[in-house]
Structure formats: structure tokens, C-alpha cells
Amino acid sequence: MVRTAAVGVVFAGTLIAVPLTAGADQTAAAFPTFGLPFAAGQETGSAGIHSDDGTSGVKNAIDLNPVDGTVRAPLAGTAHLQHCDGGDWVTVDHEDGWRTGYYHMEGIQVTDGQQVEAGTPLGSIGNALPCGGSSTGAHVHFTLFKLSGTTARSADPVAAGNWDGLSYRQISGEVAAAVGEPVDGKVFGGWLFNEGSGQYSGTATRVRDESVVKLPGRFKYEG
């Protein structure tokens, strides 16, 4: 959620046709049918795949800045407001323990415990830092988590997803290490994401025709 590149600029996305691997197909088949966290039919810039703190750890984050600036739920679930001294940020809990996170948003449009459908507006891209961190260029820091089972939830607030009052340092460290889920090999909105060797890199592969956009780059969400 920090050390983010300036995703408000126009990146030159290069399309390359490459075959999808069997491993990627298997990973995508087991994964929920997520969309991307904005309305279809528009382009987004992405600074690439990276860890929550942008330096180390599991690469569970993608920075996105859709043209219309509106962040939307990519799948039905329950919205939660995670409170910090500087304000709130949003998470959405989906079936089977999956959780998505939305940091840097401004103008939050959901309430804690609200049921949302795919496409429900959550807020606007921005540079908000409610728990700390830094941001360069308005965007949403879109993150993926896998919460633990019922027993662990009752004993461990982090595993349960109760992150109220946690600082950026705790979220990008303790939380990401415990429940952060790599976006590598997973499909969002018809695009298969694969991490690169370094931070803020990787590829987005359009599943329907196996065209690849190198990240940082721009691509279109067709729905």
C-alpha cells in the first residue's frame, strides 16, 4: 500500500501472444470468479504486482487507476470499514474466506457490514493514508487475502479479519504475512495476473486470446 508508482500516468502496455500454462489454468479454475474492482468497458493503468509494503513479502497487491475513478466490488460479499486514527479503509469478505482490500480510497460509499453485489460502488481512487504509508498518484491499492477457519478466527483477530486500529506497518507486515494471498496465477475480470521477479512488475494476460500486457502498463477490462 506504500511506495506505489505513479499510476496516474499513461503506461505503454505491450501486447504479446503467449500460451497460458497448465498450472495457471488449474489455479484459475479453483479461484472464485472475481471481476476487476471497477466498471467494465474502460482502461486502467497499473503500476504492477507487488507486496503490501512494496518491498518484501507475499505479492498480494495490484495498484489500479480506472479511467472513471470509481472503485467497485469485484464480487458479492460483506463490506467492512477498518478504522484508523486517520480515517477508514475498506475490505470486502467473500465466500470461502476470501477477502479483498481497498486502500487509498477517498469518498467511501459503503457502511460497515453492508452487503454488496458485484459492481457496487465502494468509493473513489485517491491518495488517502488512514493508517499511514504513502501514495503517488490517485489509485486503489487492491489486495487479496485468505482468512483462516472458524477456530482460528475466534482466537486470533488478524486471522478473523478484525483489523481495526492496525497501523500500516502492522497491515503490511503482520497481516500480510499471516493471511496475504499472492495474486500470481489468479484471474480477475478475464485477465490472468503473474508476478515478476521484482516489485511493481509482472504481466496481465487476457484469457480469451492469450495476449499479454507487461506491467507497469495499461489494459482494458471488457467484463
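- Between the D93 side chain and the T78 main chain, no donor and acceptor come within less than 3.5 Å of each other.
- Distance alone, capped at 3.5 Å, is enough to place a donor-acceptor pair between the T44 side chain and the N65 backbone.
- Side chain of S46 to main chain of G48: a donor-acceptor pair is present (N/O by atom type, distance under 3.5 Å, no hydrogens or angles).
- Residues V58 and F142 do not share a hydrophobic cluster, defined by chaining ILVMFWY side chains whose heavy atoms lie under 4.5 Å apart.
- Judged purely by atom type and a 3.5 angstrom limit, K59 uses its side chain to pair as donor or acceptor with the backbone of G198.
- For the pair D184 (side chain) and E195 (backbone), a donor-acceptor distance under 3.5 Å is present.
- Between the side chain of K146 and the backbone N or O of D96 there is at least one donor-acceptor pair closer than 3.5 Å.
- In this structure, N194 contributes its side chain and T203 its backbone to no donor-acceptor pair below 3.5 Å.
- Judged by distance alone, with hydrogens and angles left aside, the side-chain atoms of H80 form no donor-acceptor pair with the main-chain N or O of V92 at under 3.5 Å.
- Aromatic ring pairs are classed by plane angle as parallel below 30°, tilted from 30° to 60° and perpendicular above 60°; the pair H50 and H141 is tilted.
- Defined by atom type and a distance below 3.5 Å, a donor-acceptor pair is missing between the side-chain atoms of H104 and N127.
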**Asked** Is there a ring-ring contact (aromatic ring centres under 6.0 Å, His included) between Y221 and F188 once you walk through the steps?
**Response** CA-CA 9 Å; Y221 175 29; F188 295 90; over 10 Å; no
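- Although no hydrogens or angles enter the test, the distance criterion places a donor-acceptor pair under 3.5 Å between the side chain of Q82 and the main chain of W163.
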